[in-house]
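Predicted, not measured: the structure shown is a model, and the values here were computed from it. Order of appearance sets the numbers: ligands from 1, and atoms from 1 within every ligand.
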Amino acid sequence: MRVPAAPGRWSSNSAAAASASPLFLGLDCSTQGLKAVAVTDDLTVEHACGINFDEALPAFGTRGGVLASGDGSGVVRQPVCMFAAGLELLLDRMQEEGFDFSRVAAVSGSGQQHGSVYLSSDAAGVLGGEVASGTAPLAEAVEAALAEPLCPVWMDSSTGRECGAMTRAMGAEALARVTGSRAYERFTGPQIARMARTRAGAVPGWGGVSLISSFLASLVLGGRAPADLSDASGMNLLGLGSRGWDDGCLHACAAASEGALSAERLRELLGDPVPSWSCLGTVSSRLRRRYGLPSGCAAVAWSGDNPCSLAGLRLERPGDVAVSLGTSDTVIGTMEDASGSADGSGSASDGGSAGADGSAGPPALDGHVFASPTVPGGFMALLCFKNGSLARERVRDAAFAAAGGSADATAEDRWAFFEEALLSGSEDEVGALLARAIDQPEITPDLPAGDVLLSAGGEALLLAGSDLSAWMTSADRAAAVLRAAVECQVMSMRLAAEARGLRPEGALLVTGGGSRSGALLQLLADVFDVPVMVGETPDSAALGAAFRAKHAVMCGAAGGHVPFGDIGPRPAHRTAARPRPGHAKAFAARLPALQACHDRIRAGTAHAGAAGTV
Ligand code: XUL
């Protein structure tokens, strides 16, 4: 049903509408919902809208957007039809809000990375038929294109067996060097192997395997859309050097499926990936008819949420790096080359020597390198630190209590204490203690849960099982331990970034909730030894998708890639902190000690025989 527009709800934008700039629409299918951001030719946001899966589509029974098995298997899935229903609902809402679809020149999108959608053998016909031009609700129309109604997503941790099998087949270092990542449970290749192994009888009926991003692109296009190279890098299957499916990885994935899939069949199912700035065609006649999109409106390849955020934050030049401080802390940035972490020289398994790693020096095994979504042959890095703001808050509260703070104190009081404790450290005190607050097993680097405290001389100060509060026996000690714990979080970011060849040049952009802390910003400036800029880019993935839509149209018009920077002005960010030279030098000098501390944690020698031995 065509929903009548509701003039007035969008009246503040009528002047912009009158200017009739073309619009570029970015959609973002995240774990919890769908969002849309439309930008004008000068990249001004003209419209934004979103829906939450749990609230807007309760019939699918999701919590936080997902269906978690809850049986200890780690299986976490999402109903694929919910994406289709959500897309239609979102576009309906935009129409109700008076959004003028007739001005949209191109649509692109962002999908949560790593999830895999299993298509039926009829998928091509269904996508190009009922989905492209039918009148039934999209969620109904797409059902026959699916071989599996549920798709595993990035939160799924049921693929340990498949990760182990792929690692044995390729070698951990070769897998990391070829694909940019060692085998990770949330990655798509292991998901496909598990789905094939556990649903072996259904595999002959599969017509394809899409990423969540390329599946959503198929709905917009009305036809099977290819995966883009950047999102495809999150699968453990793509050769970063060859920019194509890697034979060794396909064989490793087939081996992990325990005979359910061959490498050749897997290659066929995946189809060929394309650069992220590819125009795939025009949007489907269903979307044109229902929403009034123009007939020439381009359907642009979708990408993953992290590549799209990179584009939304305008991290397009080598050395453009951003830190996001949140529940998990993340570091993303653009690199010209992948400096040994993924050597760009092609498959380790070319020639059939799977597992043989003849590279010079071991590659970094933590974090990920993906194909850049904006630069041909370029790279982006993504590092995810699981113990972010929750660990900071735990240590803050323990230190606050140990320093005599009242149990009834407000969050403001606690943050004020945090700021003072962090800023009170002189350069001579940097690294006087090394503290790691690890609430849940860390993935960057790989560290087991449990707090660790070492003296400057390397003496272990905590018993295994006791937490940092055990050493906070005075207000001074509490402040020193808090400072050390947060300093080590940030030093760990620099260690992991450098191991991946990622170095901020000129400045570091800081986003997320933690960027409200002036002390954290100062610490980041000191540890990375660059000025820190702050900027909030809400909905950076959807915004990045909108920017990429414009980029693809420009590339199409030019008949080849044009620099991403040509899309329009970069936002002006505010410089919030500058490195203090003495502190910066002291942090740089302590990085090897933190590296050694991590080695000791893994070796099991970072705990004392008795608490408080110093
Ligand atoms: C990145 C990752 C998540 C997902 C969902 O590797 O697993 O960030 O992309 O946001």
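Among His114, Gln32, Glu185, the residue whose heavy atom sits closest to atom 6 (O) of ligand 1 is His114.
The shortest N or O to N or O distance between Trp154 and ligand 1 is not under 3.5 Å.
Under the 3.5 Å distance criterion, the side-chain polar atoms of Gln191 are matched with a main-chain donor or acceptor of Arg186.
A tilted orientation is assigned to the rings of Trp206 and Tyr118, their planes being inclined by 30° to 60°. In this pair, Phe187 and His368 present their aromatic rings tilted. The plane angle is within the 30 to 60° band.
By the criterion of a heavy-atom distance under 4.0 Å, neither the backbone nor the side chain of Thr330 is placed next to ligand 1. Contacts between Asn306 and ligand 1, counted as non-hydrogen atom pairs separated by less than 4.0 Å, involve the side chain only.
The distance from ligand 1 to the heavy atoms of Leu382 drops below 4.0 Å at these ligand atoms: 1 (C), 6 (O).
The protein heavy-atom contact nearest to atom 7 (O) of ligand 1 is Arg186 NE, 2.6 Å. Looking from atom 10 (O) of ligand 1 to the surrounding protein, the closest heavy atom is Asp305 OD2, 2.4 Å.
Between Arg77 and Glu148, no side-chain nitrogen of the basic residue sits less than 4.0 Å from a carboxylate oxygen of the acidic one, so the salt-bridge criterion is not met. The pair Arg394-Asp439 meets the salt-bridge criterion, with a side-chain N (NZ, NE, NH1 or NH2) lying under 4.0 Å from an Asp/Glu carboxylate O.
Considering every non-hydrogen atom in both Val37 and Ala542, the closest pair reads CG2-CB, 3.7 Å.
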